[in-house]
Amino acid sequence: MLPISDPLFYLYAIPAVLIVGLSKGGFGGGIALIGVPLMSLAVSPIQAAGIMLPILLVMDAVGLLSYRHSFNKPVLFLMIPAGCVGITIGWATAAYVTADHVRLIVGVVSLAFVLNHWLGSASLDGKSKENKLLGGFWGMVAGFTSFVSHSGGPPYQMYTLKLGMQPVLYAGTSVVFFAAINAVKVIPYFFLGQFDTTNLATSAALMPLAPLATYAGVRIVRVIDQTLFYRITYIGVFFVALKLIWDGLVGLGYF
């Protein structure tokens with residue numbers, strides 16, 4: 001039970017874990033999505049996902065401890081069950097759904113969402129009210145895309161960013177939601193053979209970075225200005241959308 005020994009892998013894996021940790025701490029929008037693709041420059045995407053999930057669970061534990069008093073209960077009670085439904089759909093259709101199509105669709109929708117915010121009349125002064133239908137829909141989509149292509153962030157943000165929560169409340173709600181989603185994903189990932197001994201040993205080797213990076217993200221969120229926080233978050237979603245579109249197009253053979 002030995003970890004990956006290739007130094008090139010760690011050249012990509014260490015920055016990946018640090019970036020994901022900052023995002024899991026609540027800072028940087030959906031940039032956690034960059035982690036698996038960055039690690040995939042040295043290993044297969046499937047192996048990268050298997051290595052990353054145990055690390056995500058440790059990050060989730062740090063995030064839950066840090067935000068244990070700061071989360072939006074109505075949003076979570078609505079979106080977590082919907083997310084679990086999405087995971088179940090993803091598991092049931094794992095043999096039929098192409099991850100690259102999912103990436104492309106999520107990327108296009110996310111890009112349109114950000115451009116509408118920047119070019120339209122959306123602002124934090126005009127917060128949207130909670131909508132059970134929309135919250136349930138985007139929660140289900142987030143669970144599905146998180147399972148299929150590790151891209152649950154943009155669909156989740158489609159609903160929650162419009163609510164205009166304070167940064168700490170928004171970050172805490174995001175942390176709790178994805179902690180629940182990642183915990184549920186352990187079961188199907190196990191049955192799909194994602195946790196072999198090499199992957200688990202490599203996860204353990206990278207694990208010390210997880211709480212440090214996550215805690216750094218938590219600290220930044222607690223001191224950042226709300227306007228700047230949302231500006232950075234939308235920028236993060238924008239670049240994640242471009243990354244998803246590019247990955248989807250490449251995977252489908254267009255480039």
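The analysis underlying the following values was restricted to heavy atoms, covering all of them including side chains, and did not include hydrogens, waters or symmetry mates.
Evaluation of the side chain to side chain donor-acceptor pair (under 3.5 Å) rule for S146 yields K185 as partners, not counting sequence neighbours. Residues that satisfy the side-chain contact (heavy atoms from CB on, under 4.5 Å) test with L65, not counting sequence neighbours, are R68. L2 pairs by the side-chain contact (heavy atoms from CB on, under 4.5 Å) definition with nothing, not counting sequence neighbours. Residues passing the ring pair (Phe, Tyr, Trp, His ring centres under 6.0 Å) test with F178 are Y156, sequence neighbours excluded. The side-chain contact (heavy atoms from CB on, under 4.5 Å) check on A201 picks up M1, P3, with sequence neighbours excluded. Among residues two or more places apart in sequence or in another chain, the side chain to side chain donor-acceptor pair (under 3.5 Å) test is passed with Y67 by none. Looking at residues two or more places apart in sequence or on another chain, you find a side-chain contact (heavy atoms from CB on, under 4.5 Å) between A179 and D60, L64.
Sorted pairs that involve residues 206-215 and meet side chain to side chain donor-acceptor pair (under 3.5 Å), not counting sequence neighbours, are lacking altogether. Sorted by first and then second residue, the pairs that involve residues 182-201 and meet ring-ring contact (aromatic ring centres under 6.0 Å, His included), not counting sequence neighbours, are F147-Y189, H150-Y189. Residue pairs meeting the side chain to side chain donor-acceptor pair (under 3.5 Å) criterion with at least one partner in residues 239-255, sequence neighbours excluded, are K243-D247. Screening residues 3-17 for side chain to side chain donor-acceptor pair (under 3.5 Å) gives no qualifying pairs among residues at least two apart or on separate chains.
Counting only heavy atoms from C-beta outward, the side chains of V175 and K24 never approach each other to under 4.5 Å. Proximity of I51 to F9: side-chain heavy atoms (C-beta onward) are separated by under 4.5 Å at one or more points. Under the 4.5 Å side-chain criterion, counting only non-hydrogen atoms from C-beta, F229 is in contact with Y170. Considering only heavy atoms from C-beta on, L78 stays 4.5 Å or farther from E130 through its side chain. Using a 4.5 Å heavy-atom threshold, the side chains of M79 and T160 count as touching. Side-chain contact check for N182 versus V186: every heavy-atom pair is 4.5 Å or farther apart. Between V20 and I55 the shortest side-chain heavy-atom distance does not fall below 4.5 Å. Counting only heavy atoms from C-beta outward, the side chains of Q157 and T233 approach each other to under 4.5 Å.
To the nearest 0.5 Å, atom CG of residue L56 and atom OG of residue S23 are 10.0 Å apart. Taken to the nearest 0.5 Å, the CG atom of L18 stands 10.5 Å off from the CG atom of L38. Here CZ of F137 is found 13.5 Å from OH of Y159. Values are rounded to the nearest 0.5 Å. Expressed to the nearest 0.5 Å, how far CG of L57 lies from CE of M59 amounts to 10.5 Å. Annotation: the span from M207 atom CE to T202 atom OG1 amounts to 10.5 Å, rounded to 0.5 Å.
With Y230 contributing its side chain and M165 its backbone, the two residues share a donor-acceptor pair below 3.5 Å.
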Under 3.5 Å, which donor-acceptor pairs do the side chains of residues 102-115 form with other protein atoms, sequence neighbours left out?
{"unit_1": "R103", "atom_1": "NH1", "unit_2": "D100", "atom_2": "OD1", "d": "2.8"}
{"unit_1": "S110", "atom_1": "OG", "unit_2": "V106", "atom_2": "O", "d": "2.7"}

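Closest of all the heavy-atom pairs between S40 and A48 is OG-CB, 3.7 Å. Closest non-hydrogen pair, M52 versus A16, comes out as CE-CB, 4.5 Å.
There is no path of hydrophobic side-chain contacts, each under 4.5 Å, that joins F71 to V62. V221 and L228 fall within the same hydrophobic cluster, defined by Ile, Leu, Val, Met, Phe, Trp and Tyr side-chain heavy atoms under 4.5 Å apart, directly or through other members.
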